Amino acid sequence: MAASRRYRATSMQAAWDNHFTAFRNQDLDKIMLDYNERSVVTIFYSTARMTSTSTGSTGIRAMFKKLFQELSDLSDLSAPVIQVNTDPKSVFFCWACPSSGIQTATDTYVFGDDFKIHRQNLSITKKAPECKPEKHFSVFGAQRLQRLLPNFSKTVGDEDVVDCSRQNLQAVVEARDTSTSLCLC
C-alpha cells in the first residue's frame with residue numbers, strides 16, 4: 001500500500017498501463033491513483049438511455065465499485081482498440097465483456113499534465129432485456145403520463161442519474177400525443 005501512495009506516472013504509457021492493469025484486475029485502490037478531486041467521469045448506458053456523472057475521488061470510487069460488481073465474469077473481456085496519444089494526452093479505448101452482459105463499451109480519457117485523468121467519457125451497451133409485451137401500453141391522456149414522470153429519474157449514491165426516456169416522455173406529455181406507444185421493458 002505504501003508503494004501505491006508513491007505512484008506517480010511520468011508518461012502517458014505509464015499512466016495507461018497502471019489504469020488498464022487496475023481495470024483488468026478490478027483493483028479499486030490502484031485505479032483510483034489515476035484520478036483526483038477535479039476528475040469527472042460520465043457514463044452513458046445506451047440500452048437504458050441513462051447518463052451518470054461521477055466527480056472527485058469519492059464519486060468515482062463508488063462508480064468503479066459498482067462497475068466492477070457489474071463485471072462479475074471477465075472470462076471474455078476483450079480490448080480490440082487501445083490508442084494512447086501523447087498530444088493531446090488522451091486514450092481511446094474500446095472494449096467488451098459479453099460474459100458480464102456488456103456487449104460494447106467505448107472510453108475516451110483526457111489526461112492533464114500530471115498524467116491524472118481529468119475527464120473520462122464512457123458509453124456502455126449492455127445486452128438488451130427481453131421485451132415483455134405485457135409491459136407495453138398505449139400512451140393516452142396527459143393526466144396518466146404526469147403520474148409516470150417521477151419514476152423516470154433518480155439519484156444513486158453520489159451520482160446524478162438522468163434517464164433520457166423521461167425527456168422523451170415529457171415531450172409526449174407536452175405535445176399531448178395520444179398515438180405514441182412506449183415500451184417499459
Side-chain angles (χ1 to χ4, degrees), residues 1-129 154-164:
M1 190 65 80
S4 63
R5 286 191 197 118
R6 291 189 298 256
Y7 164 81
R8 182 169 189 227
T10 56
S11 70
M12 276 303 301
Q13 192 60 57
W16 178 251
D17 289 346
N18 182 77
H19 191 78
F20 186 67
T21 300
F23 177 76
R24 187 181 58 234
N25 295 331
Q26 296 191 349
D27 186 332
L28 192 54
D29 291 329
K30 185 172 185 166
I31 209 162
M32 289 310 301
L33 297 172
D34 299 324
Y35 298 89
N36 60 32
E37 290 307 316
R38 294 181 317 273
S39 299
V40 177
V41 177
T42 300
I43 302 176
F44 175 65
Y45 293 94
S46 63
T47 309
R49 293 175 292 191
M50 290 176 51
T51 302
S52 171
T53 298
S54 303
T55 58
S57 298
T58 302
I60 294 169
R61 185 182 218 21
M63 179 273 305
F64 271 112
K65 185 176 180 182
K66 179 181 173 191
L67 180 61
F68 289 164
Q69 289 170 347
E70 289 179 45
L71 291 168
S72 59
D73 178 0
L74 300 178
S75 62
D76 64 357
L77 175 65
S78 65
V81 178
I82 301 175
Q83 294 177 352
V84 179
N85 307 297
T86 57
D87 188 20
K89 291 178 181 74
S90 61
V91 174
F92 179 59
F93 175 45
C94 299
W95 56 280
C97 193
S99 57
S100 288
I102 297 179
Q103 298 198 323
T104 62
T106 303
D107 276 288
T108 301
Y109 302 84
V110 177
F111 290 75
D113 290 334
D114 58 357
F115 298 105
K116 297 285 187 184
I117 298 168
H118 286 205
R119 185 81 176 144
Q120 177 182 351
N121 294 312
L122 168 59
S123 177
I124 294 176
T125 301
K126 293 183 175 185
K127 182 180 178 187
K154 58 190 169 198
T155 299
V156 179
D158 292 335
E159 302 176 24
D160 292 324
V161 178
V162 177
D163 185 341
C164 299

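All values reported here derive from a predicted model rather than from experimental measurement.
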(message) Would V91 and F20 count as a side chain to side chain contact (heavy atoms under 4.5 Å, CB included) here? Give the steps.
(response) CA-CA 11 Å; V91 174; F20 186 67; over 6 Å; no
(request) Output the distance between atom CH2 (W95) and atom OG1 (T104), rounded to the nearest 0.5 Å. (result) 9.0 Å
(message) With a 6.0 Å cut-off on the ring centroids, do Y109 and H19 count as close?
(response) yes
(message) Do T53 and V40 have side chains that approach each other closer than 4.5 Å (heavy atoms only, starting at C-beta)?
(response) yes
(request) Before accepting this row, confirm whether a basic side-chain N of the pair R8/D114 lies closer than 4.0 Å to the acidic partner's carboxylate O. (result) no
(request) Would you check, one step at a time, whether the test side chain to side chain contact (heavy atoms under 4.5 Å, CB included) holds for I31 with Q26? (result) CA-CA 8 Å; I31 209 162; Q26 296 191 349; over 6 Å; no
(request) Report yes if the side chains of K127 and T47 come closer than 4.5 Å at any heavy-atom pair, otherwise no. (result) no
(request) Could you walk me through whether T42 and R119 pass side-chain hydrogen bond (donor to acceptor under 3.5 Å, both in side chains), step by step? (result) CA-CA 8 Å; T42 300; R119 185 81 176 144; 3.2 Å; yes
(request) Decide yes or no on side-chain hydrogen bond (donor to acceptor under 3.5 Å, both in side chains) for S46 and T125, but give the supporting numbers first. (result) CA-CA 5 Å; S46 63; T125 301; 2.7 Å; yes
(request) State, with a plain yes or no, whether a side-chain heavy atom of I60 is found less than 4.5 Å away from one of E37. (result) no
(message) As an exercise, state the distance from CG of L77 to SG of C97, rounded to the nearest 0.5 Å.
(response) 5.0 Å
(request) Side-chain contact test, heavy atoms from C-beta onward, threshold under 4.5 Å: evaluate it for L74 versus R24 and give yes or no. (result) no
(request) Might you point out which heavy atoms bring I82 and A79 nearest each other, and give the distance in Å? (result) CD1-CB, 4.0 Å
(request) Could you grab the distance from atom CD of Q69 to atom NZ of K65, nearest 0.5 Å is fine? (result) 6.0 Å
(request) Check whether any side-chain heavy atom of V41 lies under 4.5 Å from a side-chain heavy atom of Y35, and answer yes or no. (result) yes
(message) Show the nearest heavy-atom pair for residues D76 and S99, with the distance to one decimal.
(response) OD1-OG, 2.5 Å
(request) Test I117 against K89 for side chain to side chain contact (heavy atoms under 4.5 Å, CB included), laying out the working first. (result) CA-CA 9 Å; I117 298 168; K89 291 178 181 74; over 6 Å; no
(request) Without swapping roles, check the side chain of K116 against the backbone of L33 for a donor-acceptor pair under 3.5 Å. (result) yes
(request) Taking atom types as modelled, find out whether N85 and S90 have a side-chain donor-acceptor pair closer than 3.5 angstrom. (result) yes
(message) Please give me the minimum heavy-atom distance between C94 and P80, naming the atom from each residue.
(response) O-CD, 3.2 Å
(request) Please confirm whether F111 and F115 have ring centers closer than 6.0 angstrom. (result) no
(message) Minimum heavy-atom separation for P98 and A96, please, with both atom names.
(response) CD-C, 3.7 Å
(request) Report the distance from atom CD1 of I43 to atom CE of M63, rounding to the nearest 0.5 Å. (result) 5.0 Å
(request) Measure from the side-chain N and O atoms of N18 to the backbone N and O of K30, and report whether any donor-acceptor pair falls under 3.5 Å. (result) yes
(request) Hey, could you give me the CG/CZ distance between L122 and F93, rounded to the nearest 0.5 Å? (result) 9.5 Å
(message) Less than 4.5 Å apart, side chain to side chain, heavy atoms only: is that true for T21 and D27?
(response) no
(request) Supply the atom-to-atom distance Y45 OH to S123 OG, rounded to the nearest 0.5 angstrom. (result) 10.5 Å
(message) Are L67 and I124 packed together at the side-chain level, in the sense that at least one heavy-atom pair is separated by less than 4.5 angstrom?
(response) yes
(message) Between T86 and Q13, is there a side-chain heavy-atom distance shorter than 4.5 Å?
(response) no
